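Sequential numbering from 1 along the given sequence is applied to the chain's residues. As the structure is a computational prediction, the values presented were derived from the model and not from experiment.
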Amino acid sequence: MKRILLPVLLSLMVVIMSACGQEQTAGNPSAPASTGEGDATEKEVIVLGTSADYAPYEFHKSIDGKDTIVGFDIEIAKAIAADMGAELKIEDMDFDGLLMALDTDKVDFVISGLTPTEERKKNVDFTDIYYYAEQAVLVREGEGGALGSLDDLSGKQVGVQKSSIQEGIAQGIDGAKLTSLAKIPELILELQTGRVDALILEKPVAEQYVKNQQGLALSDVKIEQAEDEAGSAIAVKKGNQELVEQINATLQKLKSNGDIERFVIEANEMVGD
């Protein structure tokens, strides 16, 4: 009888010990698995939300045959991730959906040539401004001479990016008819085909289209803006002050050592390649 019970008891002990081991692992799912070469630690992932149609800020480019999102905003995002010891993941989406993605935790921060307006500050927090840019009016070649000021766009069809600072500028032009679209290339096509008379864009963006596409020109219209309305900042979810401070530390470093200026120059060169 003992000879029969002993193997059974040993088998039961093995099963119980195995089950206990499994229960311990399940109870600590975050513990990294052992590889035999020391415990591995997963790198934190930080998710960037952007609208990659806004050269030289962020845009698509084929590099070694692979579609890649590049631009000076992207280089800033890489520096932020590096300082945090995190892996950067980029989510490309329509501009007007960026702040909603931030609010719903689909992204951790937004860099997309974003102006920190008072209206936006009600819903998200912003970092320090990292770049200032002028606004410009883009027209078909030969048609810029008819425009001396924004008032001359009254009665004309004006194209702007949806939910952008430029849309707000155009809404202030008495009598202007607005075409608001999600993507800049769509707006360029509207201008080239005559469906709109002019576009309002940030000047660096407009300059790149003039440089790289025939038949476009900058008008002489000057758009006056307060400094806090002309700058770009990074948006984070409301209340995440720790992340704001982390990003500001990186921005301060990038500005003080001249890296942001270098990023802008390199991005403009990439657009022209």
Quick check for you: to the nearest 0.5 Å, what is the distance between [X] atom [atom1] and [Y] atom [atom2]?
| X | Y | atom1 | atom2 | answer |
| --- | --- | --- | --- | --- |
| D96 | K183 | CG | NZ | 9.0 Å |
| I200 | I223 | CD1 | CD1 | 5.0 Å |
| D125 | I247 | CG | CD1 | 10.5 Å |
| I184 | L138 | CD1 | CG | 10.0 Å |
| L114 | T117 | CG | OG1 | 7.5 Å |
| F59 | T68 | CZ | OG1 | 10.5 Å |

Aromatic ring pairing Y57/Y131, orientation class (parallel under 30°, perpendicular over 60°, tilted between) =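 It falls in the perpendicular class, over 60°.
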Atom [atom1] of [X]: over 12 foreign heavy atoms under 6.0 Å:
| X | atom1 | answer |
| --- | --- | --- |
| K238 | NZ | yes |
| D174 | CG | no |
| Q214 | CD | no |
| E143 | CD | yes |
| E266 | CD | yes |

Count I, L, V, M, F, W, Y as connected when their side-chain heavy atoms are under 4.5 Å apart, and connections chain through other members. Are [X] and [Y] then in the same cluster?
| X | Y | answer |
| --- | --- | --- |
| I69 | I234 | yes |
| L216 | Y54 | yes |
| F126 | F109 | no |
| V196 | V205 | yes |
| L251 | V236 | yes |

inquiry  = Run the side chain to side chain contact (heavy atoms under 4.5 Å, CB included) test on L150 and V137 for me, step by step, so that the C-alpha distance in whole Å, both residues' side-chain angles and the decisive distance to 0.1 Å come before the verdict.
reply    = CA-CA 9 Å; L150 281 177; V137 176; 4.2 Å; yes
Can you find a heavy atom in the side chain of [X] that is under 4.5 Å from one in the side chain of [Y]?
| X | Y | answer |
| --- | --- | --- |
| N268 | V264 | yes |
| D103 | L99 | no |
| L243 | K237 | no |
| L189 | R195 | yes |
| L181 | E190 | yes |
| L153 | D197 | no |
| E91 | K106 | no |
| D220 | L147 | no |

note = The single option from Q208, E207, Q213 that satisfies side-chain contact (heavy atoms from CB on, under 4.5 Å) with K211 is Q208
Quick one: does any side-chain atom of [X] pair with a main-chain N or O of [Y] as donor and acceptor, under 3.5 Å?
| X | Y | result |
| --- | --- | --- |
| D108 | V47 | yes |
| S51 | M93 | yes |
| Q161 | A182 | yes |
| E167 | S163 | yes |
| K61 | M270 | yes |
| D73 | G113 | yes |

task = Carefully, step by step, assess L187 and L191 under the rule side chain to side chain contact (heavy atoms under 4.5 Å, CB included).
result = CA-CA 6 Å; L187 290 168; L191 180 61; over 6 Å; no
ask   = Of K222, E224, Q225, which meets side chain to side chain donor-acceptor pair (under 3.5 Å) against Q135?
value =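 Among K222, E224, Q225, the one that satisfies the side chain to side chain donor-acceptor pair (under 3.5 Å) with Q135 is Q225.
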query = Taking K253 as the fixed residue, which of D259, N248, D83 is the one that meets the side chain to side chain donor-acceptor pair (under 3.5 Å) rule?
reply =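 Only match with K253 under side chain to side chain donor-acceptor pair (under 3.5 Å): D83.
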key: Polar side chain donor-acceptor pair, Q166 to S164, under 3.5 angstrom   = yes
task = Check step by step if side chain to side chain contact (heavy atoms under 4.5 Å, CB included) holds for I111 and Y130.
result = CA-CA 11 Å; I111 309 181; Y130 63 88; 3.4 Å; yes
